[in-house]
Number of protein chains: 2
Amino acid sequence: MTVTLADVAARARVSPATVSRVLNGNYPVAAATRERVLRAVDELDYVLNGPASSLAAATSDLVGILVNDIADPFFGIMAGAAQTEIGGQEGTGRAGGEKLAIVCNTGGSPERELTYLTLLQRQRAAAVILTGGALEDPRHTAAMTAKLARLADAGTRVVLCGRPPLPESDAIVAALAFDNRGGGRRLTEHLLALGHRRVGYVAGPLERTTTRHRLEGHWAAMAAAGLSEEWRAGGAAEERESLTVHGPYTRRSGYEATLELLRRAPDLTAVVAANDTVALGACAAVREQGLRIPQDVSVAGFDDLPFAVDAVPALTTVRLPLYEAGARAGRLAMGTEAPPPGGIATIAAELMARASTAPPRRD
Amino acid sequence: MTVTLADVAARARVSPATVSRVLNGNYPVAAATRERVLRAVDELDYVLNGPASSLAAATSDLVGILVNDIADPFFGIMAGAAQTEIGGQEGTGRAGGEKLAIVCNTGGSPERELTYLTLLQRQRAAAVILTGGALEDPRHTAAMTAKLARLADAGTRVVLCGRPPLPESDAIVAALAFDNRGGGRRLTEHLLALGHRRVGYVAGPLERTTTRHRLEGHWAAMAAAGLSEEWRAGGAAEERESLTVHGPYTRRSGYEATLELLRRAPDLTAVVAANDTVALGACAAVREQGLRIPQDVSVAGFDDLPFAVDAVPALTTVRLPLYEAGARAGRLAMGTEAPPPGGIATIAAELMARASTAPPRRD
DNA sequence: ACGGCCGCAGCAAGCGCTTTCTATGAGGTA
DNA sequence: TACCTCATAGAAAGCGCTTGCTGCGGCCGT
C-alpha cells in the first residue's frame, strides 16, 4: 500500500540505513549509491513517514507560531514574516536546516493556547513563537511558565514576539517586547501638545498586557500634563474611569465604545483607540454623530497597520515594526540570529502623526 | 527524563495497554481503573508522544489549512472560521473527535504549497483545506492533482474553499467555489447602469483562477453592454488590454496600476479593483491626481473585507461570505456536514453598492 | 451447581524510521 | 607482504505507542 523506506532500499539494492542516511544527508554515502537511492525515491514517489521519523530521531522540524487572532493583520504580518525566515522549501528528504512553520490560532483563549503548546510538545517541535500580548491571569501565567519550561527541557526553542518576558523563566530564548507604554505615552503627548484636554480612550480587553501597557502610557502622559490633578479635583478616579472604555480589539467595539464615550462626555475633543481597527470603528461613530475628523474630534490608533494610511483622513497612530519583529523572531527561533543581551529586547514604537489629529476647535 | 506511557502504567499499577485505552477512550475500562490512570497522568504531568502515537495508529488529529497570504484578512477570516469549527479543546488525551487545525502559509508559492502538502501527508493529517485561488499552470495543477490523490488514498479528507474544483479529480471531499465571475459581472453591470463607459480594471496576478474569473465577469458585462464593439472599432483587443493592468493583490499594486491607467486613459470614469486592498491603493492614486471619489472617478473593490465599509467614501464592492464559507469548509473537513451534491457548491457573491460609485460627471 | 459469557486487563507484535556498532574492502605504509 | 587506516554499507536494537488476541474471574441461565 504505502511505500516505506524498506521498499526504497530494496529497489535501490541497499539497506534501509543507507536510504535514511541519503535522505538526511548527515553521513558519508558514496555518490553512486546516493544517486541510485534518489532515483528509487523518485520512481516510487516515496514520502518519508513523519511520525516514524520524529519518533526515532526524537525531534521534528516543525516550528509553531501561536497567534491570538489570525484574521487580524497585526498577527498575520508577524506570522508571515517569521514564516519567511523559517522557510519551507524542501524536497522529499529534509534539506539542511530548513524547518516548517505552522500557525496556530488561539482566538485569545488561554485553554487553546495551552492546548496548542501541548500539541507542539507532543510533536517535539523545534521551536515555538508566541506572538501578541499575554493574558494577565496568575493561574494562566503559571501554567504557561510551567508548560514552556517543559518545552524548553525537551529542546524546543521558545521565542516571544510582541509579548513581555515571563517573570523568572529561563525557558525562553528571547523575548521581543514592543514598547507599548512608550508609544502610548508619546501618542497622548502628541494630542496634549495639540491642545487637547478631554481625551477619551477606547481600550482593549482587560487583563491583557498590551491593553494595560498602552493604557499606562496614556495615563502617564495625562498625569505628566497635570491632568490627573483635574481629575482628582473633579471626582477622583471615577472621572478617569469614565473616559476609558474597555472592549475587544474589533471595529465594532471601537464604534460602540466611542458612542458611549461621546454620550458620557460630549465635550470630548479626542479619542485614542487601542489599535487601528478599533480606531476605524471610532471614526465611524464620530462621523455618525455628525462630527468631523479632525476639526471636531481627533482620532488616533495604534500599530500602523497598512490600512491606517488609507483612512480618510489618514490615521495618526503608533508604528510598530511588525514585519521586522516577526522576521527577527523567526531567526531567533531558527538559531540564525544571536539573542539580545539578557534575552530581552524592547522594540521601539514610533509616533506617526497624520491628518486625523489636529488642534481642538476653540469654542 | 521524559515521562512515557510505561511510567504512567507503572504508577497506576496497570499495563501500558490500559493507559493507552483510557487516554483514547475507545475501549471499555473500569471506572476505578480509569480514575487511577488519570490520576497518575496528572501527577506525572504526562504528555502523549505525538509521533509515536501517530505512528502506531497510522493517523493523527491534525487538520491543515493552506492559505496564500496569512497577512491578508481574506485568508485570515476563512482560516479562523474553519479553525473554530475544527476545534482545539482537549485535555491530555484526545477528546472525542476533536482535531487540531494548523495554518500553513504558502505565500502564493506553488513549491511551498506542495511542500506543505507533503508535510501534511507525512503527518498523516486527518484533513486538508485549501483556500483561495489556484495557480493555472498545467504542470503545477498536475502535481497538485497527483498529490491530493495520494493524500486521499491515505485517508486524508481534502476540501477546497474559495477555489474551483480540480478537473477529473475524485480525491476531493468537497469544493466550495466563490462565484467570482458572477460577482465581477454584477459589479461592472452596476457601473454600466450608472452610466460609465470607460472603465479601468486593476486585475490580480496572472494565472490565478480568482483573477481570471473576476476579469471574465467584467468583460462579460462590458461585452453585453456592447462595449466590446466600441473596442473593436477603436483598436481591437489592444484597447481592451490597455484598460486592464495586472499586479499582485496589494495596496501598492492598486496605487501604481491606477496611476498607470489614468495616464493611459485620462477620460476614465471608473476603476474596478481586483479586491478591496487593491481598491484602497486605487483610491489613494485617484485622490493624488486631484480627482474626487465618486464625483470624478468611481472606485470599486471585491470581497467586502471589514475595512471596506470604513473607507471614505464607503467602498462599493462584492461581498463574499468568507466566514460562512470557512466554517462550512471546516465542517466538511471534520465530516460534520454532508458534502453538497456532486461535491461542488458555488457560493453566491453579492453586490454591495455603496458611496464610492456614482454616475459619471457630465462634461 | 456447572458451563458459558461477558467485562476487563495484559501480552506482545509491530508501526517505519534512526543510529550505534560492526563488517568489509581498498589503499597506504613500513 | 603484512598491517593499519579510512571510507562505506549493513545488521539490529530500539523510539513510545496501539491493538488483536488471550486470559481470567464473576454472573447468568437452566
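Just so we're clear, the structure is a prediction, and the values are computed from it rather than from any experiment. Side-chain atoms are counted along with the backbone in the values below, which use heavy atoms only and exclude waters and symmetry mates. Order of the sequence lines sets the chain letters (A, B, ...), proteins ahead of strands, with each chain counted from 1.
Rounding to whole angstrom units, CZ of residue Arg36(A) and C1' of dG10(D) are separated by 13 Å. Rounded to a whole Å, the CZ atom of Arg21(B) is 13 Å from the P atom of dC21(D). For the pair Glu35(B) CD and dC8(C) P, the interatomic distance rounds to 15 Å; values are reported in whole Å. Going from atom CG of Asp61(B) over to atom P of dT18(D) covers 11 Å, rounded to whole Å. Whole-Å rounding puts the Leu55(B) CG to dT18(D) P distance at 10 Å. Rounded to whole Å, the distance from CG on Leu44(B) to P on dG16(D) is 15 Å. The distance between atom CG of Asn26(B) and atom C1' of dG7(C), rounded to the nearest whole Å, is 16 Å. The distance from atom CG of Asp7(B) to atom P of dG16(D) is 9 Å, rounded to the nearest whole Å.
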(request) Starting from the C-alpha separation in whole Å, work towards a yes-or-no answer on side chain to side chain donor-acceptor pair (under 3.5 Å) for Ser109(A) and Thr106(A). (result) CA-CA 6 Å; Ser109(A) 143; Thr106(A) 66; over 6 Å; no
(message) Walk me through whether Leu160(B) and Ile172(B) qualify under side chain to side chain contact (heavy atoms under 4.5 Å, CB included).
(response) CA-CA 8 Å; Leu160(B) 307 187; Ile172(B) 285 157; 3.8 Å; yes
(request) Take Ile65(B) and Leu130(B) through the side chain to side chain contact (heavy atoms under 4.5 Å, CB included) test and state the conclusion after the steps. (result) CA-CA 6 Å; Ile65(B) 303 177; Leu130(B) 298 164; over 6 Å; no
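Not one side-chain nitrogen or oxygen of Ser53(B) sits closer than 4.0 Å to the OP1 or OP2 atom of dC17(D). When the side-chain nitrogen and oxygen atoms of Thr33(A) are compared with OP1 and OP2 of dA9(D), one or more of them lie within a distance under 4.0 Å. A sub-4.0 Å separation between OP1 or OP2 of dA9(D) and a side-chain N or O of Thr18(A) is absent. Not one side-chain nitrogen or oxygen of Thr4(B) sits closer than 4.0 Å to the OP1 or OP2 atom of dG16(D). Side-chain N/O atoms of Asn49(B) include none lying less than 4.0 angstrom from OP1 or OP2 on dC15(D).
Residue contacts shown for Val19(A) are absent, as no nucleic acid heavy atom lies under 4.0 Å away. In this structure, Ala17(B) reaches the bases: a heavy-atom distance under 4.0 Å links it to at least one base atom across the strands shown.
Under 4.0 Å is where a charged nitrogen must lie from a carboxylate oxygen, and between Glu337(A) and Arg328(A) at least one such pair does.
Pairing each heavy atom of Ala327(B) with each of Ala81(B), the nearest pair is N-CB, 3.5 Å.
Of the listed nucleotides (dC17(C), dC17(D), dA9(C)), dC17(C) has the atom at the smallest distance from the side chain of Leu5(A).
Sequence order on DNA chain D of the closest nucleotides to Ala56(B) and Tyr27(B) puts Ala56(B) first from the 5' end. Take the nearest nucleotide of DNA chain C for Arg124(B) and for Val29(B): the residue whose nucleotide is more 5' is Val29(B).
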